[in-house]
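One structure is given here, and the rest of the page talks about it.
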Amino acid sequence: MTREELRNALLKKDNKFATNYIVVANTYMNISYDLMTHKLNMLNAIVNKKLFRYYIKYPDKRVQFAYNHQRVENNTHSHLILKIPDEYILPHTEYLKLRDLMWFSWWQLDDRHNRKFRLWFQKVDDEPTSKFFNVKYAVRQTKEDTAQNNEFQFGIL
């Protein structure tokens, strides 16, 4: 799958990815992309198990992450776009429960004595162009984004 195919898959309405939220999982350490993928896979399993115990048997009730790892100096981090089933979204709280669960679970995955893992969760504007630019930035589609950093790894958990 190329970056362009991933971007187009994320922007399709019927795929139900939450493109109106920016989620960044920061490690504040230099780790490999394989270890970062492993940590995100553990986060995904923890979140899904807390929300619905039988998530493996019922994949349609599973929260998914579309990730794009990026490495900058002393911070390997990942841009995430979430795919959340409708039953986990409450009308008045939207993604607050999920945000808090992800934040705390990500913080717990840090092995250091002074834990520094942080999860950044923010809603973008309601304009359609904002959602498009969020996905474009998360997938690193433009040359300006890749000029400063040419190391990427992306996929879907």
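In this chain, numbering begins with 1 at the start of the sequence shown.
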Exercise for review: Just say parallel, tilted or perpendicular for the rings of Tyr21 and Phe121, cut-offs at 30° and 60°.
Suggested key: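 Rings of Tyr21 and Phe121: tilted, as their planes differ by 30° to 60°.
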Exercise for review: Fit a plane to each ring of Trp107 and Trp103, take the angle between them on a 0 to 90° scale, and name the class: parallel (under 30°), tilted (30 to 60°) or perpendicular (over 60°).
Suggested key: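 Because their plane-to-plane angle is under 30°, the rings of Trp107 and Trp103 count as parallel.
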Taking the side chain as everything from C-beta on, heavy atoms only, tell me whether [X] gets closer than 4.5 Å to [Y].
X	Y	result
Arg62	Lys83	no
Phe65	Met102	yes
Met29	Lys116	no
Val24	Ser78	no
Arg71	Tyr33	yes

Pairwise distance [atom1]([X]) to [atom2]([Y]) - rounded to 0.5 angstrom:
X	Y	atom1	atom2	answer
Leu51	Ile46	CG	CD1	12.0 Å
Trp106	Leu40	CH2	CG	4.5 Å
Leu119	Asn26	CG	CG	8.0 Å
Asp60	Glu87	CG	CD	7.5 Å
Asn48	Leu43	CG	CG	9.5 Å
Thr37	Tyr67	OG1	OH	4.0 Å

Check your understanding: Who passes ring-ring contact (aromatic ring centres under 6.0 Å, His included) against Tyr55, sequence neighbours left out?
Key ->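 Not a single residue meets the ring-ring contact (aromatic ring centres under 6.0 Å, His included) criterion with Tyr55.
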Review point. Considering residues at least two apart in sequence or located in another chain, which fulfil the ring-ring contact (aromatic ring centres under 6.0 Å, His included) criterion with Tyr28?
Key: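 Once residues adjacent in sequence are excluded, Tyr28 has no partner under the ring-ring contact (aromatic ring centres under 6.0 Å, His included) criterion.
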I'd like to know if the side chain of [X] reaches the main chain of [Y], judged simply by a donor and an acceptor atom lying under 3.5 Å from each other, with no hydrogens or angles considered.
X	Y	result
Asn30	Asn74	yes
Lys39	Leu109	yes
Ser105	Val47	no

Practice item. Please name the pair of heavy atoms, one in Gln108 and one in Arg115, separated by the smallest distance, quoted to 0.1 Å. Key: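 Smallest heavy-atom distance, with atoms named: CA-NH1, 3.9 Å.
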**Study point:** Test salt bridge (Lys or Arg N to Asp or Glu O under 4.0 Å) applied to Arg112 - qualifying residues, sequence neighbours left out
**Key:**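 Arg112: salt bridge (Lys or Arg N to Asp or Glu O under 4.0 Å) contacts with Asp110.
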